[in-house]
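Chain letters run A, B, ... following the sequence lines, proteins first, then strands; residues in each count from 1.
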Amino acid sequence: MTTPVLSVRDLVVEIPTRRGVLRPVDRVSFDIAAGEILGVVGESGAGKSMTGNAVIGLLDPPARIARGEVLLSGQPIQNIGREALRRLRGKRMGMIFQDPLTSLNPLLTVGEQLTETILEHMPVGNAEARRRAIAALEEVGIPAAAARIDSYPHEFSGGMRQRVVIALALCAEPDLVIADEPTTALDVSVQAQIVALLKRLCRERGVAVMLVTHDMGVIAEAADRVAVMYAGRLAEIGPVREVLTAARHPYTAGLMASTPLAGHGRRRLRQIPGAMPRLGALPPGCAFHPRCDRAEARCRQDPTPRVEDCGGRAACWFPLAAPADRQEAGA
Amino acid sequence: MSTLVSVRGLTRVFDVSKPWLNRVLERQPKALLTAVSDVSFEVAENSVYALVGESGSGKSTIGKIVVGLLRPSGGQVEIAGVDLATETDGARTASMRAEVQMIFQDPYASLNPRWRVRDIVNEPVRARGGETAGLAERLLEQVGLAAEDADRFPHEFSGGQRQRICIARALASGPRLIVCDEPTSALDVSVQAQVLNLMSDLREDLGLTYLFISHDLTVVQHMADTIGVLYLGRLVEEAPRDRLFEAPKHPYTRMLFDAAPRMDGFGREIDPPKGEIPDPINPPSGCAFHPRCPLATERCKRERPEMRTLGATRVACHLAE
Amino acid sequence: MTDARPASVPPPPGRLRRAWQSDFLWSFRRAPVAMVSFLVVTVLVLAAVFAPLVAPHDPFNPATLNLMNGFTPPGQPNAFTGESFWLGTDDQGRDVFSTILYGMRISLFVGFSAVLLAMVLGVLLGLLAGYLGGWTETVIMRVADVQLTFPAILVAMLIFGIAKGITPPEYRDQMAIWVLILAIGLSDWVQFARVVRGATLVEKNKEYVQAARLVGRSPFAIMTRHILPNVLNPVLVIATISLALAIIAEATLSFLGVGAPPTKPSLGTLIRIGQEFMFSGEWWILFFPALTLLALALSINLLGDWLRDALNPRLR
């Protein structure tokens, strides 16, 4: 088996505060292969962005990686130091943020930012860098790229700006791209364009993509596999179709049932009672048990199971049956 | 069913020019943004009318005009026969204000952080000198919170709980119409379901009418009886829910439906829509959608389409049939 | 509906407990500079307030003064009378320590009153400008802009001069303190108004203000009950830093001879008196009042700096 581009092993991120140490990411493990899009979903505060930031080495102090490994093509990168990480970012890891305005320097033209990144990471000269920058802009679908390369970020519309950010993330030909809510700030029609673009680039370039979002629809359409996070822990991970249509973790199942589905009219939505606990007030045992209708004594006492402890799919002592089992039970 | 809200020829223009001195020095003309342009629709009593659209569609502006936070530049809004913008009888406008309430998008900004929940919920009644004893407690229980929560401050609640407090406040004055401006778009999915269910229950129990503003098609489909689709300040299509989703007439509506991500759209390869929403300060001539429309003809570039009635659908498109 | 009930939050702890555990006090307990500053300010303010009880002499009672005690160096017995003074005496034989305590009273009184005046005026005008906008805003903010183009001390001197001109000569000494407060207060409202206007612009677009407008709350009620409590944090910070500035402004004016009269000397007046003797060897008459002023202003400023950080939610 080939080595996955990104491999995260038992990652723990901690934030020391006056009220104790918070764990926004708690023993999370997953792999992303080349050419694969892993969707990471969860509600706000579930730790999905924090996981992305930890992988790419952009945790805001005092948050820090306390334990676990982040392997980029098999090489551990969680403690290689700031400078080495900075060189890896851009060269081997690209990132796309929610707000394209904050990830572009407003004082430099788009071309300057692209050529700067290319020159820093690739062994090419000025002219070649500029040629590649234009090619990168063309590739992300910016019309008249050669003419617009000398424009400033504010001269682009929101959707075009996000395309520039994607070009910037991809111009040094990285192996891994982390996209943190890349379409959340965009309108539906533009969102569809960006999702289609991400999928195409992933397929053509063989880039591994970690797509962090709260939008199940975007995940369904774009991702190959999906990881569902809850209160800093991985609740369920697996191929996107299986997880979304036949969830094994009660939280995933509840999440799917509570999403209004197109074409289902005005049926009453199933709702998960309560809200996700704050990090400072996690219940003992499985973090989901107070909201779970399947919870038993074990869920309240034993520490939260990891996905690996429960058969590799859902981190739950009493997972919902797989469809095959369900049919047998029904027969 | 009788009509509760009647919006006719509603237009709202914002002056977005630079300050006078800058404008004169830079020799720029006044910049006018037409946020809402000649929009007409009616909302039946005890129904849910949804306005959907992307940014710049004018949906929030319409909501603010309906509740009286903004004045229209042209056209009228009548609620139960009273036009808030022109009504001169103080008693009638006061009673009208009590009957129209609003739920806002951001549950963090819509509650005064320095006030106790009790005072927040009671405010609509107290502002009119009404009796508030026990009111907040009763309303909090009605929206699924505890009576003791009245003594707390907003920061002690989660986003979903705050939105419940907002709903309790909106109910305090005994309204007939509640304008809901993206009431769940700041909430997580599992909490969104709680709030949507609560709103449905309250509508049935109290006979409320909702003007529901959203960009989320799945939420709109779940909540609405009738849906109006807005593009660049204009109403382009209006139809009963099922009819709209089964047979969208306007090319923009179709584009919106195709582009929206679908939970069951695994690996769906769509041909994404072309272009982006134009600058509302300089909207395209004729039909505002023509630069992005796959069907556009010469006529669409010249002539703004009138609203036409096709069965149960009203649509503003030259080509729809 | 029962399934809709979200898990209730646990009951809040008592008020005192909550206050002690609050982030505010927690950050205070973790900031040694703030704690030392707070201690210095508290000691100085208490000493000033209780000056008649703390001071060993009453420097303004001529009956207790002995001219022979003049120019006694600190901590040494006087050559003629044998009396010894902790911080020495001035030319009139007044105990420097006592004059500092009494002088600080005047300085602090003028400072607090001037800041209060500036704060009330600035918050009021800032709220009006921010909430009402239009011509009200244009007029208020242009006046503020114009005033900002002059140094505050110049504005204060101008106001002081005008006020002095219209008070009858026999009341001048009596009125001097009040004129000083008016002058410093009027020269300092601008920053309050600017900050409050900015914060008001942010708050007034928040949805809770729209909700209040919706139910027909009057602009006055919205400004005082809704917006004002939410713009007070920055006001508190500016008030603290302004207090230090006001005390220094008072000292400057008094040093220039247009402030507190020598019959009611403030720290500034004492410094002015002291500098006459600086080069003749009687350094303590200048040194100790100046040191007190420095300690007072610096501590208040440091406290203000800490307050700004502690009240800024982004820095938590």
Heavy-atom contact with chain C under 4.5 Å, split by part of Leu111(B): backbone

Other residues, nucleotides, ligands: >12 heavy atoms within 6.0 Å of Tyr108(B) OH: yes

Contact leader toward chain B among Glu203(C), Lys206(C), Arg225(C), where contacts are heavy-atom pairs under 4.5 Å: Arg225(C)

Close approach to chain C in residues 58-67 of chain B, criterion heavy atom under 4.5 Å: Lys64(B), Val67(B)

Contact class of Ala212(C) relative to chain B, heavy atoms under 4.5 angstrom: both

Pairs flagged by side chain to side chain donor-acceptor pair (under 3.5 Å) wherever residues 228-245 of chain C is involved - sequence neighbours left out: Asn112(B)-Asn230(C), Asp188(C)-Ser242(C), Tyr208(C)-Asn230(C)

Closest heavy-atom pair and its distance - Val215(C), Pro124(B): CG1-CB, 3.5 Å

Met157(C) atom CE, over 12 foreign heavy atoms within 6.0 Å: no

Chain C interface, residue from Arg97(B), Arg169(B), Met102(B) that has the most non-hydrogen pairs under 4.5 Å: Arg97(B)

Max heavy-atom pair count under 4.5 Å with chain C, selected residue of Arg114(B), Arg128(B), Arg126(B): Arg114(B)

